[in-house]
A.B. asks: 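The structure follows.
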Amino acid sequence: MSMTKKAEESQNEEQVKSDRPIPTAWGYRGFVLVSAAFIIFELIFISLYSTTSWFSTDIRYLGIPVVLVLLPVAHQVLLSFERKPLLWAASPVRNGLPLILYWNWLTLGESALFVGLRKVAYSSIDELKLTIWGNLHIRTRSIRQGSEVFAADAAAQAAEPTDLIFKLPLGVVSPQFQRQLVETIKQANPDLVTNQRLVKKLAQQDISASQMIGVMGAAIMFMVLLDLGQSSYTYLDVLKNYYNADLSARKNETAESQKYFDQAEKLMREALPMSWIKTKFFEEGNGASGVKIARAEALWHMGKHQEAIEACREALKLSPKAFRINLRLARWLNATNAPADARKEIEQAMDIKKDSFLPRGYMVALEDERSGSTQAQKRYETYLKELDEELFAEEPVWPPGGERFLHDIWYREDLTFVFDRLLKLVRRS
């Protein structure tokens, strides 16, 4: 009995040794690795953005080290997708194929190829077809019903359509391995059919330049990820310091507020000068606009009202359709005794947000405060008439319950600006 077991173990060892895993190209591996590290990095970034538990740590220098640590983590995560536990877990979705191809493309055995939990005998593969999308379709006639009828007639068998077993991306491996796969299958099945696109692909010489392009592409992605790590962690640190400056100013902690504000300004000046990601975070788009708003809020509560208004205008240039920046400017301009400028900002918000009553509520409240209730009443009636004509239409509507409505979201600043004036409430801190 023991001799039988030893013989079986020896046979299994020989089988393992004879299996030839086909590795994916280094450029492809680098692309998948950096992409996985990017996803993990983004999850960490979101968790940091959503909490304040890290505020005691100066994280602006940790961006690049975190990226470097994430690479081996991502490597192990990707390798786990090729191991049996995850292959079995993903089997209902992928039918035995890996969720992600990373280190190995497939394995060539003595008589069959292996991909994940799938095993296909070479002799059962009747057709290899390369699609326009670069996927290699492995097809067979063996699973078609009645195919045994054609077995005796070679011409009839060749005319029988093939069925797809599974498909794999072809460009993720080097040309020599592509040819090795086809030659291995042809040795077992000389009647193997390959479409013209695959023939042309295999006829191409092993161009090392194409492989270098893949490697260089992965290297560029890696550099961008390093840039992202440094810039995003600096971005978080800048927001943290502006937030702390604002928070301290609201508590009348002047010295502490100024310290945090100066630290944020220093970080802005010292951010990487030749950084594409840094430009996206601090100089372009909604991200940079958010930084400007955080800076403006801190300045306003520090008592530097004109600087706050200028910072808010800079944010509006970056996000011209963000009507809430117009409303923030209107509140601050009205508080600094510039009602005419405040009206202009409210009118701009009304033009941007035509289906919202919030900017119109601002205008009614401003008219009530500056011109009296009669003018405010006229404004209200005008706006209500416009909304009846453009939005609400005639009521009742059919079917019942299908009435149109305004899409408004009110923050505390909106409530206090509008209703403190309309209801003459005592303003609360």
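Along the sequence shown, residues are numbered consecutively beginning with 1. Computed from heavy atoms alone, side chains included, the values below leave out hydrogens, waters and symmetry copies.
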A.B. asks: Does Phe31, at its CZ atom, have more than 12 non-hydrogen atoms belonging to other residues, nucleotides or ligands within less than 6.0 Å?
C.D. replies: no
A.B. asks: Keeping the roles fixed (side chain from Thr131, backbone from Asn135), state whether a donor-acceptor pair exists under 3.5 Å.
C.D. replies: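 The answer is yes, because a donor-acceptor pair under 3.5 Å joins these two groups.
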A.B. asks: Could you tell me whether a side-chain N or O of Trp332 sits under 3.5 Å from a main-chain N or O of Ala308, the two making a donor and an acceptor?
C.D. replies: no
A.B. asks: Less than 4.5 Å apart, any side-chain heavy atom of Leu33 and any of Phe222?
C.D. replies: no
A.B. asks: Return yes if some donor-acceptor pair links the side-chain N/O of Ser47 with the main-chain N/O of Ile44 below 3.5 Å, else return no.
C.D. replies: yes
A.B. asks: Would you kindly say whether Ser123 and Asn189 are connected by a side-chain donor-acceptor distance under 3.5 Å?
C.D. replies: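 No, no side-chain donor-acceptor contact under 3.5 Å.
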A.B. asks: Say whether, by atom type as modelled, one donor and one acceptor occur between the side chain of Gln178 and the main chain of Leu170 under 3.5 angstrom.
C.D. replies: yes
A.B. asks: Looking at Leu97, is its backbone amide N or carbonyl O close enough to the side chain of Arg118 to form a donor-acceptor pair, meaning the two atoms are under 3.5 Å apart?
C.D. replies: no
A.B. asks: Return the minimal non-hydrogen interatomic distance between Ser142 and Asp126, and the atom names on each side.
C.D. replies: N-OD2, 4.1 Å
A.B. asks: Keeping the roles fixed (side chain from Tyr233, backbone from Ile64), state whether a donor-acceptor pair exists under 3.5 Å.
C.D. replies: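 Pair absent, no side-chain N/O of Tyr233 close to backbone of Ile64.
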A.B. asks: Check the pair Asn195 / His137 against side chain to side chain contact (heavy atoms under 4.5 Å, CB included), numbers first and verdict last.
C.D. replies: CA-CA 10 Å; Asn195 68 337; His137 284 204; over 6 Å; no
A.B. asks: Give the intermediate values and the outcome of ring pair (Phe, Tyr, Trp, His ring centres under 6.0 Å) for residues Phe417 and Tyr411.
C.D. replies: CA-CA 10 Å; Phe417 184 87; Tyr411 290 98; over 10 Å; no
A.B. asks: For residues Ser289 and Ile325, determine if any side-chain heavy atom of one lies less than 4.5 Å from a side-chain heavy atom of the other.
C.D. replies: yes
A.B. asks: State, yes or no, whether a side-chain contact exists between Tyr122 and Leu108 at a heavy-atom distance under 4.5 Å.
C.D. replies: yes
A.B. asks: Can you check whether Phe38 and Phe45 have ring centres sitting under 6.0 Å from each other?
C.D. replies: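 Aromatic pair excluded; centres sit 6.0 Å or further apart.
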A.B. asks: Would Glu256 and Lys259 count as a salt bridge (charged side-chain N to carboxylate O under 4.0 Å, His left out) if you check the C-alpha gap in whole Å, the side-chain angles of each, and the deciding distance to 0.1 Å?
C.D. replies: CA-CA 5 Å; Glu256 196 74 4; Lys259 182 190 75 172; 3.2 Å; yes
A.B. asks: Between Asp246 and Arg250, is a salt bridge (charged side-chain N to carboxylate O under 4.0 Å, His left out) present by the stated rule, with each step listed?
C.D. replies: CA-CA 6 Å; Asp246 186 9; Arg250 292 172 189 248; 3.0 Å; yes
A.B. asks: For the atom pair CD (Glu307) and CH2 (Trp300), what is the distance rounded to the nearest 0.5 Å?
C.D. replies: 12.5 Å
A.B. asks: Roughly how far, to the nearest 0.5 Å, is CZ of Arg324 from CD1 of Ile293?
C.D. replies: 12.0 Å
A.B. asks: Quick one: are the ring centres of Trp105 and Tyr28 less than 6.0 Å apart?
C.D. replies: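 Between Trp105 and Tyr28, the centre distance exceeds or equals 6.0 Å.
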A.B. asks: Apply salt bridge (charged side-chain N to carboxylate O under 4.0 Å, His left out) to the pair Glu345 and Arg331, showing each step before the final yes or no.
C.D. replies: CA-CA 9 Å; Glu345 297 299 333; Arg331 292 196 301 268; over 6 Å; no
A.B. asks: Quick one, Val291 and Phe281 - any side-chain contact, counting heavy atoms below 4.5 Å?
C.D. replies: no
A.B. asks: Which is it for Ile346 and Asn326 under the side chain to side chain contact (heavy atoms under 4.5 Å, CB included) test, yes or no, and what are the steps along the way?
C.D. replies: CA-CA 6 Å; Ile346 296 172; Asn326 295 105; over 6 Å; no
A.B. asks: Between Thr24 and Tyr102 (side chain of the first, backbone of the second, donor and acceptor by atom type, cut-off under 3.5 Å), is there such a pair?
C.D. replies: yes
A.B. asks: Please report the closest heavy-atom contact between Asp408 and Leu358, naming both atoms and the distance.
C.D. replies: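 Heavy atoms only, the tightest pair is OD2-N, 3.4 Å.
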A.B. asks: Please round to the nearest 0.5 Å and tell me the distance separating atom CG of Leu228 and atom CE of Met223.
C.D. replies: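 Atom-to-atom, Leu228:CG and Met223:CE are 13.0 Å apart.
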A.B. asks: Start with the C-alpha gap between Val115 and Val120, add the side-chain angles, then the distance that decides, and say whether side chain to side chain contact (heavy atoms under 4.5 Å, CB included) holds.
C.D. replies: CA-CA 9 Å; Val115 182; Val120 181; over 6 Å; no
A.B. asks: For Ile409, does the CD1 atom have more than 12 heavy-atom neighbours from other residues, nucleotides or ligands under 6.0 Å away?
C.D. replies: no
A.B. asks: Determine whether a donor-acceptor pair (N or O, by modelled atom type, separation under 3.5 Å) exists between the side chain of Arg404 and the backbone of Phe392.
C.D. replies: no
A.B. asks: Ring centroid separation for Tyr260 and Tyr242, is it under 6.0 angstrom?
C.D. replies: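 For Tyr260 and Tyr242, the ring centres are not under 6.0 Å apart.
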A.B. asks: So, for Gly63 and Phe41, which heavy atoms are closest and what is the spacing to 0.1 Å?
C.D. replies: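 Heavy atoms only, the tightest pair is O-CE1, 4.3 Å.
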A.B. asks: Look up atom CG in Asp227 and atom NZ in Lys280, then write down how far apart they are to the nearest 0.5 Å.
C.D. replies: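 Answer rounded to 0.5 Å: 11.5 Å.
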A.B. asks: For the residue pair Leu113 and Ile125, establish whether any side-chain heavy-atom pair is separated by less than 4.5 Å.
C.D. replies: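 A side-chain contact under 4.5 Å exists here.
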A.B. asks: Which pair of non-hydrogen atoms, one from Ile138 and one from Leu128, has the smallest distance, and what is that distance?
C.D. replies: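 Closest approach of Ile138 to Leu128: CG1-CD2, 3.9 Å.
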A.B. asks: Please output the side-chain donor-acceptor pairs of residues 88-96 that fall under 3.5 Å, not counting sequence neighbours, one pair per line with the distance.
C.D. replies:
residue, atom, partner, partner atom, Å
Arg94, NE, Pro98, O, 3.0
Arg94, NH2, Pro98, O, 3.2

A.B. asks: Considering only NZ, NE, NH1 and NH2 on the basic side and carboxylate oxygens on the acidic side, decide whether Lys240 and Asp237 come within less than 4.0 Å.
C.D. replies: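 Yes, this pair counts.
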A.B. asks: If we ignore hydrogens and angles and just use 3.5 Å, is the side chain of Arg360 paired with the main-chain N or O of Ser356 as donor and acceptor?
C.D. replies: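 Side chain of Arg360 to backbone of Ser356: a pair is present.
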A.B. asks: Hey, does Glu265 have a side-chain heavy atom less than 4.5 Å from the side chain of Arg295?
C.D. replies: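 In contact.
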A.B. asks: State the CE-CD distance between Met350 and Glu347, to the nearest 0.5 angstrom.
C.D. replies: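 Here the rounded value is 7.0 Å.
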A.B. asks: Is there a donor in the side chain of Asp414 and an acceptor in the side chain of Tyr362, or the other way round, less than 3.5 Å apart?
C.D. replies: yes
A.B. asks: Looking only at side-chain N and O atoms, does Thr162 offer a donor or acceptor that is under 3.5 Å from a partner on Glu127?
C.D. replies: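 Glu127 vs Thr162: donor-acceptor pair found between side chains.
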A.B. asks: Can you classify the ring geometry of Phe282 versus Tyr235 as parallel (below 30°), tilted (30 to 60°) or perpendicular (above 60°)?
C.D. replies: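 Tilted, since the angle between the ring planes falls between 30° and 60°.
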A.B. asks: Going from CD on Glu42 to CD1 on Ile39, what distance comes out if it is rounded to the nearest 0.5 angstrom?
C.D. replies: 9.5 Å
A.B. asks: Can you tell whether the side chains of Glu314 and Lys317 come within less than 4.0 Å, N to carboxylate O?
C.D. replies: no
A.B. asks: Side chains of Asp420 and Thr416: is there a donor and an acceptor less than 3.5 Å apart?
C.D. replies: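 Side chains of Asp420 and Thr416: no pair found under 3.5 Å.
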A.B. asks: Quick one, Leu181 with Phe177, criterion side chain to side chain contact (heavy atoms under 4.5 Å, CB included). Give me CA distance, side-chain angles, the key distance, then yes/no.
C.D. replies: CA-CA 6 Å; Leu181 171 67; Phe177 293 119; over 6 Å; no
A.B. asks: To check you understand the geometry: which heavy-atom pair defines the closest contact between Ala342 and Ala330, and what is its length?
C.D. replies: CB-O, 3.5 Å
A.B. asks: If you count the non-hydrogen atoms of other residues, nucleotides and ligands that lie under 6.0 Å from OH in Tyr243, is the total more than 12?
C.D. replies: no
A.B. asks: Looking only at heavy atoms, which two atoms of Leu318 and Gly285 are closest? And how far apart?
C.D. replies: CB-O, 3.9 Å
